[in-house]
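This report refers to the structure that appears directly beneath it.
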Amino acid sequence: MYAVTGASGQLGRLVIEALLGRIEPGKIVALVRDPARVADLSARGVIVRAFDYDEAGTLAPALAGVERLLLISSSEVGKRVAQHAAVIEAAKTAGVSAIAYTSILRADSSPLGLAVEHRATEAAIRASGMPYALLRNGWYIENYTMSAAASIEHGAVIGSTGEGRISAAARRDYAEAAARVLTDAAMTSQVYELAGDESFTLADYAAALATASGRPVTYVNMSEAAYREALEGIGLPGPLAAILAESSATAAGGALFDDGHELSALIGRATTPLATVVRETLR
Ligand SMILES: NC(=O)c1ccc[n+]([C@@H]2O[C@H](COP(=O)([O-])OP(=O)(O)OC[C@H]3O[C@@H](n4cnc5c(N)ncnc54)[C@H](OP(=O)(O)O)[C@@H]3O)[C@@H](O)[C@H]2O)c1
């Protein structure tokens, strides 16, 4: 059986869909905090089990019979090292034969603050002795398009990335890669650096919004501090605004650029273009 944590999340749901296209539902285990949120998956024959990273004692029993596990990194930044360690420990206890983990692009050397918890998790996976696959995902295109409507309304994309190029890819492309690795790869402790085929600056992204909407949209570059304040001003909690502003500023130096094309090689097709995700978002 193939199990996926965070299966009620945005990436997790896409991984389950990709798995459903490859293997029968009875071999898929969706691990979720709240099973009621994935009643649709149970109805389709997917096995659903409760799995809360903060309930360490309940995790190993929930992994009974699982051969391969995909640990989708938790969204609770700051708590992730302990949460992931609990999952890795449980996987070992339950006899899981291999573990895949959604890490961050070049986790070993990335200057992004977000990379710290991923590095610690990768180290814990290596220390566990279990065979692994590290899926070092780059940025999601959706990190930008989630606020496309507001950017078009105000005629501005804001950030601190300057001329930095970002090799973002659509969530669904990372999901497909994860499903393929889980079901097909040897999983003998590989590292995959995954990113989009195309790279773009935030000015390019603003131009893509303008083209798709027919309205003027330009990129406004700000200092990290001003961007953080702007994010807080639109209601983001302080710690989240700080992480996003730090990531945006650090990306100016190329931390989210990659031209290795490992993602398209893994999924057997070009990654979804930025313009396609923008058009779909505005539809
Ligand atoms: N590469 C990127 O650009 C990028 C951007 C954002 C995030 N990420 C990382 O990638 C992960 C997946 O992205 P996403 O878009 O799918 O995020 P998401 O929609 O926020 O999903 C996060 C998942 O983590 C689960 N989770 C959080 N705390 C948990 C806990 N204590 N026990 C069990 N599950 C828990 C959530 O469960 P519920 O469904 O119950 O809330 C949810 O299913 C994120 O969690 C984050 O680590 C990457």
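Start at 1 and go down the list; that is how both ligands and their atoms are numbered. Computed from heavy atoms alone, side chains included, the values below leave out hydrogens, waters and symmetry copies.
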Does the pair R44/E17 count as a salt bridge with the N-to-O cut at 4.0 Å?
yes
In short, salt bridge (charged side-chain N to carboxylate O under 4.0 Å, His left out) pairs touching residues 70-87 with sequence neighbours left out are R33-E76, D54-K79, E76-K79, R80-E117
Give yes if a backbone or side-chain nitrogen or oxygen of Y53 is under 3.5 Å from a nitrogen or oxygen of ligand 1, and no if not.
yes
For Y219 and V157, which heavy atoms make the closest approach, and how far apart are they?
CD1-O, 3.2 Å
With a cut-off of 4.0 Å, which atoms of ligand 1 are near a heavy atom of G6?
43 (O)
Find all atoms of ligand 1 within a distance of less than 4.0 Å from any non-hydrogen atom belonging to Q83, and give their numbers and elements.
31 (N)
For F51, the ligand 1 atoms with a heavy-atom partner under 4.0 Å come out as 32 (N), 33 (C)
Which atoms of ligand 1 are found less than 4.0 Å from any heavy atom of R80?
46 (C), 47 (O)
Output yes when the distance from some N or O of ligand 1 to some N or O of G138 is under 3.5 Å, and no in every other case.
yes
Please report the C-alpha distance between T5 and Y53 in whole Å, then the side-chain angles of each, then the deciding distance to 0.1 Å, and finally whether the side-chain contact (heavy atoms from CB on, under 4.5 Å) criterion is met.
CA-CA 9 Å; T5 75; Y53 306 143; 2.9 Å; yes
Looking at non-hydrogen atoms alone, which of W139, Y140, Y144 comes nearest to atom 7 (C) of ligand 1?
Y140
Shortest reach to atom 26 (N) of ligand 1 by a heavy atom, considering only H118, R33, Q10:
R33
So, regarding T102 and ligand 1 (criterion: nitrogen or oxygen to nitrogen or oxygen, under 3.5 Å), is there a contact or not?
no
List in chain and number order the residues that pass salt bridge (charged side-chain N to carboxylate O under 4.0 Å, His left out) with R126, two or more places apart in sequence or in another chain; answer none if no residue qualifies.
E122
